[in-house]
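Order of the sequence lines fixes the chain letters, A, B, ..., with proteins taken first and strands second; residue numbering starts at 1 for each chain.
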Amino acid sequence: MSCPSSCETSCQSCGSEADEDTSVAGMLRMERMPHIWCPGCGIGSVVTSFVEAVRRSGLNRDKIAVVSGIGCTGRVAGYVDFDSIHSTHGRAIPVATGLHLANPDLKVVVFSGDGDLTGIGGNHFIHAARRNMNLTVICVNNFTYGMTGGQVTPTTPAGANASTTPYGNYEYPFSLPFLADAAGATYIARWTSLHSRNITQSIEEALQHRGFSFVEVITPCTTLYLRRNRLGDGVDTLQYYQDNSILKHGADTRETAIDFQGKMLVGKFVERQKPTYLDAVNATCARLIGDDYQLYGKTPPEKEAEKK
Amino acid sequence: MVNADPKGVDAGPHFLDGDHALAEGALAAGCRFFAGYPITPSTETAERFAERAPEVGALFIQMEDELASIAALIGAAWGGQKVMTVTSGPGFSLMMENIGLAVMTETPMVIANVQRGGPSTGLPTLTAQQDMMQVRFGSHGDYNIIALSPDSPQECFDLAVWAFNLSEIYRVPVFIMTDETVGHMHEKVVIPPADRIRIVERNNYKGPKEDFRPYKFDCQGGHPMARAGDGYRFHITGLTHNERGYPAMTPEQNVKVLTHLMEKIDGNAEQIIRLEEDGLDDADVVVVSYGITSRIAIRAVHEARELGLKVGALRLITVWPFCEARIRELASRVKAIIVVEINYGQMVREAERCVAGRCRVVSVNHCGGAVHDPKVIVGAIKEAAL
């Protein structure tokens with residue numbers, strides 16, 4: 001859609017989109033390149049799928065915000081050309097919750113790694129899912145804390161070697177689709193970074209979904225996880241994904257555990273409708289105050305200005 | 001400045017405790033987003049806000065912990081709302097990391113700490129003033145904040161409004177360092193009509209997109225923010241950053257950022273520091289206090305004056321930044337400065353630093369759980385006046 005006032009960028013006054021560059025490069029902050037990610041890392045594939053999903057969704061890009069925490073995936077917020085917050089370790093979801101609740105017109109997307117999201121930030125993850133907060137959470141799960149040098153995370157498969165489990169991981173890992181499902185998420189999908197078209201489609205669906213949507217993408221950490229576990233390079237891992245991913249839409253999330261170099265279920269596991277947190281708040285308040293209840297209702301001077 | 005939105009102003013006389021008055025002050029100041037987690041003795045503020053939110057069109061959310069509460073404030077502030085949380089000792093400790101993020105990203109917010117005795121779980125239901133250094137230095141790295149200390153429920157209301165205004169001007173977290181006694185003490189609170197409450201509105205950038213910068217490292221306040229969704233595509237980060245908000249991690253850039261964060265407060269201390277003085281002109285001895293302690297200290301000062309001692313009172317309404325200039329000036333002409341506080345001796349260290357040996361500095365401390373006995377303060381005044 002072209003803007004009648006022929007403005008250069010997307011226009012607030014007319015609400016229409018100018019002829020904006022919606023290529024992948026056009027949605028990234030190219031002045032910040034090169035990025036910090038290693039060759040063979042899967043984060044870039046997920047970012048590419050994300051911007052492609054935004055383009056396909058037709059959503060107004062200025063009404064999408066990206067929040068991330070700390071770690072390799074935490075850097076996504078700095079590279080995508082959206083309103084973006086690079087917050088603290090584990091706290092992307094509560095920051096996103098505040099951003100969304102303060103400005104419900106926004107679609108807020110959280111990019112988070114497995115350690116960030118389910119280790120230090122695990123409590124926020126389950127509570128946002130429980131509330132069916134209208135957020136899209138994308139977890140880049142590479143089974144490792146990359147930024148700090150390859151330590152064990154809550155998703156590292158049992159037996160895998162990490163710098164803090166040098167004799168093999170003896171903990172039981174989380175299965176994130178199962179965790180999200182149990183906590184109350186209303187959209188859950190899992191792919192590997194090989195499945196770039198599926199990731200795009202799932203993120204697009206997640207962006208359109210009302211409620212807590214969760215997309216997990218299994219990715220290779222070439223520098224740390226692969227090397228330490230002698231699993232070859234990025235290409236070898238994509239081959240492993242090709243040979244061991246089992247597509248099963250609607251799978252029971254109890255079956256989604258991942259063993260070391262074992263088979264992995266991928267697909268869209270959960271999609272259900274349920275009132276979001278804000279739907280529930282608004283319904284309660286409308287019952288209390290009346291139908292003219294409006295969260296952040298306009299102030300008298302604003303109403304006055306509108307009349308004029 | 002504009003008049004307060006009448007929707008948030010419950011004008012008229014009330015009988016409120018300090019915690020409830022804080023919530024009313026926040027609503028009057030235009031706060032429309034409150035994220036909190038229950039903790040004694042601060043919870044009543046959250047309860048009041050939750051009760052009033054629907055009729056004001058505000059949102060209250062009880063988060064899963066204090067880490068989430070303060071993080072949500074940062075998101076909500078950049079979403080365009082004025083934001084607040086309230087907590088006490090242990091919860092305050094949990095908030096420390098993201099207080100640093102709020103300082104670094106220059107995010108306006110108001111945090112009230114209804115102080116209780118510590119350390120650790122300490123005295124959950126009993127008063128203290130033990131977090132006065134933590135509020136200034138508790139998060140890692142060098143930084144600067146503003147902290148106010150009310151001595152009554154009325155002042156909880158008044159200072160809440162002022163705290164929001166200061167946080168908008170200087171884009172910094174502003175702390176209301178109250179305590180269990182003021183928080184749970186019921187007194188008359190008069191809420192003025194909306195047209196008598198002056199409010200600093202959020203300064204949202206409205207210029208051309210290509211010129212937008214979320215930061216300006218000029219050691220001043222008043223720099224505009226952007227609201228998410230308005231098309232400016234801002235980026236903010238806790239990393240050392242440039243004016244565009246992008247990471248710029250060099251020693252040179254950290255000089256610029258850190259100097260700005262420190263000096264926008266210290267350089268404007270005259271506008272930020274509010275003191276209440278009583279009988280300082282001819283004083284030989286000055287009693288310095290803040291918050292609930294000042295109400296006991298002032299009684300002791302009056303009793304000592306009746307005994308013929310030349311003693312004056314200095315009440316810190318603004319605790320941070322500390323009133324260095326005033327203390328230095330007093331130190332050059334009085335015999336002694338007595339600092340009365342409910343902790344093992346915290347702000348007295350600041351007084352000693354500023355006095356730098358020019359007069360005696362006496363700490364009249366109390367380890368928490370109760371307020372001072374005025375007799376103890378009178379005794380200290382007598383001894384100092386000799």
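- Nearest heavy atoms, Ser120(B) versus Pro90(B): O-CG, 4.1 Å.
- Taking the six-membered ring where tryptophan is involved, the planes of Phe212(B) and Tyr232(B) are tilted, since the angle between them lies from 30° to 60°.
- Of all heavy-atom pairs spanning Arg29(A) and Phe234(B), the tightest one is NH2-O, 3.3 Å.
- With a 4.5 Å cut-off on non-hydrogen atoms, Asn3(B) does not touch chain A at all.
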field: Chi angles and distances behind the side chain to side chain donor-acceptor pair (under 3.5 Å) call for Thr240(B), Asn254(B)
entry: CA-CA 6 Å; Thr240(B) 298; Asn254(B) 219 39; 2.7 Å; yes
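- Thr97(A) touches chain B through its side chain: at least one heavy atom from C-beta onward sits under 4.5 Å away, while N, CA, C and O do not.
- Neither the backbone nor the side chain of Ala35(B) has a heavy atom closer than 4.5 Å to any heavy atom of chain A.
- When each of Gly8(B), Ala226(B), Gly79(B), Ala58(B) is checked for heavy-atom pairs under 4.5 Å with chain A, Gly79(B) comes out on top.
- Taking all atoms of both residues into account, the shortest heavy-atom contact from Pro192(B) to Phe157(B) is CD-CE2, 3.7 Å.
- Ring geometry for Tyr79(A) against Trp37(A) counts as perpendicular: the plane angle is over 60°, on a 0 to 90° scale with 30° as the lower cut.
- Glu168(B) is linked by a salt bridge (Lys or Arg N to Asp or Glu O under 4.0 Å) to Arg202(B), counting only residues two or more places apart in sequence or in another chain.
- Interface check for chain B: of the options Asn103(A), Ile64(A), Asp83(A), the most heavy-atom pairs under 4.5 Å are formed by Asp83(A).
- The aromatic rings of Tyr246(B) and His235(B) lie tilted to each other, with the angle between the two planes from 30° to 60°.
- Of the listed residues (Thr284(A), Val281(A), Leu101(A)), the greatest number of heavy-atom pairs within a distance under 4.5 Å of chain B belongs to Leu101(A).
- At a threshold of 4.0 Å, the pair Lys206(B)-Asp230(B) does not count as salt-bridged, since none of the basic side-chain nitrogens sits closer than that to a carboxylate oxygen.
- Neither the backbone nor the side chain of Asp105(A) comes within contact range of chain B, judged by heavy atoms closer than 4.5 Å.
- Thr186(A) contributes atom OG1, which lies 12.0 Å from atom CE of Met133(A) (distance to the nearest 0.5 angstrom).
- The parts of Leu59(B) that come within reach of chain A are both its backbone and its side chain, each placing non-hydrogen atoms under 4.5 angstrom from that chain.
- Looking at Leu278(A), the atoms closer than 4.5 Å to chain B (heavy atoms on both sides) all sit in the side chain, from C-beta outward.
- The choice from Ala102(A), Gly78(A), Gly90(A) that makes the most heavy-atom pairs within less than 4.5 Å of chain B is Ala102(A).
- The contact between Arg32(A) and chain B is made entirely by side chain atoms (from C-beta outward), counting heavy-atom distances below 4.5 Å.
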message: Run the side chain to side chain contact (heavy atoms under 4.5 Å, CB included) test on Ile70(B) and Met109(B) for me, step by step, so that the C-alpha distance in whole Å, both residues' side-chain angles and the decisive distance to 0.1 Å come before the verdict.
response: CA-CA 9 Å; Ile70(B) 178 109; Met109(B) 62 175 61; 3.8 Å; yes
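- For Ala77(A), the parts lying under 4.5 angstrom from a heavy atom of chain B are both the backbone and the side chain.
- Between chain A and the options Gly245(B), Pro247(B), Ala228(B), the largest number of non-hydrogen pairs under 4.5 Å is found for Ala228(B).
- Using a 4.5 Å cut-off between heavy atoms, Leu106(A) touches chain B through its side chain atoms alone.
- The contact between Phe82(A) and chain B is made entirely by backbone atoms, counting heavy-atom distances below 4.5 Å.
- Contact annotation for Arg130(A): neither backbone nor side-chain heavy atoms come within less than 4.5 Å of a heavy atom of chain B.
- Both the backbone and the side chain of Ile61(B) come within contact range of chain A, judged by heavy atoms closer than 4.5 Å.
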